[in-house]
There are 2 protein chains.
Amino acid sequence: MPKSLLPLGRAIKQRRDALGLSQESLAEQCGFDRTYISMLERGRRNPSFLNLLRLADGLKTSVAQLTEVYDGPSTD
Amino acid sequence: MPKSLLPLGRAIKQRRDALGLSQESLAEQCGFDRTYISMLERGRRNPSFLNLLRLADGLKTSVAQLTEVYDGPSTD
DNA sequence: ATGTGACTCCAAGTCCGTG
DNA sequence: TCACGGACTTGGAGTCACA
């Protein structure tokens with residue numbers, strides 16, 4: 001049973017909304033494709049660690065912040 | 001210039017050592033190949049988020065913990 | 001017990017479009 | 001502005017033999 005990508009996607013969207021950015025402008029910030037951001041927010045893509053870093057950067061946070069929903073062991 | 005994978009690798013090794021685990025037994029815990037752990041610790045592999053989760057699980061931590069070296073935006 | 005290069009395979013990530 | 005799809009290229013996943 002793979003852990004879900006949805007909590008991460010929600011955290012991304014939440015943070016993007018808080019910054020008042022569109023998916024398009026965030027994509028531009030991070031150097032990603034606009035459709036990729038869309039997929040991430042809907043939990044359809046499993047980003048690499050390096051891309052998580054770029055994303056956190058564009059969102060002006062840390063990956064620790066973005067992933068704190070998964071805090072602690074065995075958060076399935 | 002991509003951010004380095006080395007700090008992550010060091011955090012993994014540090015945590016593994018703290019638990020007194022071999023790469024082999026950690027690999028077994030996580031369901032990974034032994035050589036994959038080796039590559040991760042040396043910063044030769046860029047793991048996916050889901051694999052980061054499995055890894056944090058096997059190390060009985062959170063990904064937030066493993067990535068706190070990258071805390072804050074623009075930690076190149 | 002670990003480092004390493006090379007290999008295959010398929011998901012990641014891009015680019016084109018639509019409603 | 002966003003969800004969603006098809007087709008395409010890049011790169012991570014997973015494994016092996018060997019040092």
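Computed from heavy atoms alone, side chains included, the values below leave out hydrogens, waters and symmetry copies. Since the model is a prediction, treat every value here as computed from it, not as a measurement. So you know, we letter chains A, B, ... as the sequences are listed, proteins then strands, and number each from 1.
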Between S25(B) and S22(B), do the side chains contain an N or O donor and an N or O acceptor separated by less than 3.5 Å?
yes
Side-chain donor-acceptor contact under 3.5 Å, S38(A) with R42(A):
yes
May I have the distance from [X] (atom [atom1]) to [N] (atom [atom2]), rounded to whole angstrom?
X      : N       : atom1 : atom2 : result
I37(B) : dG12(D) : CD1   : P     : 17 Å
I12(A) : dA3(D)  : CD1   : C1'   : 16 Å
L40(B) : dG12(D) : CG    : P     : 11 Å
L52(A) : dG12(D) : CG    : P     : 14 Å
L50(B) : dA13(D) : CG    : P     : 10 Å
M39(A) : dT14(C) : CE    : P     : 10 Å
E41(A) : dT1(D)  : CD    : P     : 14 Å

Less than 4.0 angstrom between a side-chain N/O of [X] and OP1 or OP2 of [N], yes or no?
X      : N       : value
N51(B) : dA13(D) : yes
R45(A) : dA11(C) : no
R54(B) : dA13(D) : no
R44(B) : dG5(C)  : yes
S38(B) : dT2(C)  : no
S48(B) : dA13(D) : yes
Y36(B) : dT15(D) : no

Between CD1 on residue I12(B) and CD on residue Q14(B), distance to nearest 0.5 Å
11.5 Å
If I take atom NZ from residue K13(B) and atom CG from residue L6(B), how far apart are they, to the nearest 0.5 angstrom?
13.0 Å
Using a 3.5 Å cut-off on both pairing distances, which stems of three or more Watson-Crick or G-U pairs include DNA chain D?
C:2-19 with D:2-19
Quick one: does [X]'s side chain get under 4.5 Å of [Y]'s, heavy atoms only?
X      : Y      : answer
S62(B) : Y70(A) : no
R45(B) : L5(B)  : no
P47(A) : L8(A)  : yes

Expected output is a numbered-order residue list: members of residues 25-35 of chain A with a heavy atom under 4.0 Å from any atom of DNA chain D. What is it?
R34(A), T35(A)
Check E41(B) with R10(B), please: is the shortest side-chain N to carboxylate O separation under 4.0 Å?
no
Options dG12(D), dG14(D), dT1(D), nucleotide nearest the side-chain atoms of S22(A)
dT1(D)
Map N46(B) and Q23(B) onto DNA chain C by nearest heavy atom, then report which one ends up closer to the 5' terminus.
Q23(B)
Considering heavy-atom distances to DNA chain D, does F49(B) or K13(A) have its closest nucleotide positioned more toward the 5' end?
K13(A)
Which heavy atom of V63(A) sits nearest a heavy atom of F49(A), and at what distance?
CG2-CE1, 4.5 Å
R54(A) charged N/C atom sitting above F32(A) aromatic ring, 6.0 Å / 45°:
yes
